[in-house]
Amino acid sequence: MLNHFSRGFGFACREAAFQLDRIGCIFQGTNTHKERVTSWRRVNPFGGRTPYVNHDCFVAPNANVIGAAHLGSKVGVFYQTVIRADSRDVSIAANTTIQDRCVVRCSPGSSCTIGSHVTIEPGCTITGASIADDVFVGAGSVVMDGARIESQSIVAPGSVVQKFMVIPSGELWAGVPCEKVRDLTEEEITSLRSSALHGVGLSEAHKDTTEKSFTDSEEERIVMENWASLESKRTPIRAPYGQFDAGPVGSGTHMNIPGQIMTGQGTRVI
């Protein structure tokens, strides 16, 4: 009975606070109260174990990290992806990106381990497998329980890596089930690290964007619209030594080429 009352009282307090925030925003003239808040919780404990997510990771607003999962530095977990470690551990090392709509999970008999600088493209399913450093797994691939992918290798899009299969280092594998196609070139091996670092940069950009408040996003949108309006009013000026741009209206003095200064009143030679 007491527990039921506590839950009801807690709900009433939260609802009252939401309404007060809405009223305050109206008086301030802001739109924060229009932000749609969902009950989606990105990091979820399970079975008494809580995920460890490094502070600089990106976990998308509609992604889930569940149970005994460990995410290293600058790991990116993109939209609608699920990292599920309910029966055993899932470990993902630094600078790895798990892109949209992926499932990474343990199996009852195997933990799942993914190394550093790994790129997992959208729509992949990784179950109880071991993936070493500098690996590329193409979109829509399936890596089954007990499989092992060694470092500096590529799994082509749409491939199926069967149970307990081993993909050696430095090779390209493809097909259903996948098989060796050829050895990788030096250029392809180098590109694996570049691909991973590109994914890290993208993760950081999404992290910055999704962590902004609704008000900050609105203010940024207004600034960009105003800038676009000023850009549309830019007036080119023909000066004795070439074509010059006065810049947005009211933007002041601009240096264009050596020997000339642009001002709001025109061009003068120095």
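Since this is a predicted model, take the numbers as computed values, not measurements.
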Identify all side-chain donor-acceptor contacts of residues 122-135 below 3.5 Å with residues at least two apart in sequence or on another chain.
from	atom 1	to	atom 2	distance (Å)
Thr127	OG1	Arg105	NE	3.4
Asp133	OD1	Ser116	N	2.8
Asp133	OD1	Ser116	OG	3.3
Asp134	OD1	Arg193	NE	2.7
Asp134	OD1	Arg193	NH2	3.3
Asp134	OD2	Arg193	NH2	3.0

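- Applying the ring-ring contact (aromatic ring centres under 6.0 Å, His included) test to every pair with at least one member in residues 190-210, sequence neighbours left out, gives these pairs: Phe58-His206, Phe78-His206, Tyr79-His206.
- Clustering of Ile, Leu, Val, Met, Phe, Trp and Tyr side chains at separations under 4.5 Å places Val82 together with Phe46, Ile66.
- Annotation: salt bridge (charged side-chain N to carboxylate O under 4.0 Å, His left out) contacts of Glu188 (sequence neighbours excluded): Arg182.
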Report all side-chain donor-acceptor pairs from residues 152-168 shorter than 3.5 Å, counting only partners two or more places apart or in another chain.
from	atom 1	to	atom 2	distance (Å)
Ser153	OG	Glu150	O	2.6
Ser159	OG	Ala156	O	2.8
Ser159	OG	Gly175	N	3.2

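- Thr96 is linked by a side chain to side chain donor-acceptor pair (under 3.5 Å) to nothing, counting only residues two or more places apart in sequence or in another chain.
- Judged as a salt bridge (charged side-chain N to carboxylate O under 4.0 Å, His left out), the pairs with a partner in residues 89-104 (not counting sequence neighbours) are, in order, Arg49-Asp89.
- By the side-chain contact (heavy atoms from CB on, under 4.5 Å) test, Glu204 is found to be paired with Lys74, Val200, residues two or more places apart in sequence or in another chain being considered.
- The neighbour count for Arg148 CZ, taken as heavy atoms of other residues, nucleotides or ligands under 6.0 Å away, does not exceed 12.
- Screening residues 106-128 for salt bridge (charged side-chain N to carboxylate O under 4.0 Å, His left out), with sequence neighbours left out, gives no hits.
- The salt bridge (charged side-chain N to carboxylate O under 4.0 Å, His left out) pairs that include a residue from residues 60-69 number zero, where partners must be two or more places apart or lie in different chains.
- Taking the side-chain contact (heavy atoms from CB on, under 4.5 Å) definition, one finds that Ser73 meets it with Asn54, Asp56, Ala94, sequence neighbours left out.
- Under the side chain to side chain donor-acceptor pair (under 3.5 Å) criterion, Ser111 pairs with no residue at all, not counting sequence neighbours.
- The shortest non-hydrogen separation linking Cys102 to Ile120 is SG-CG2, 4.0 Å.
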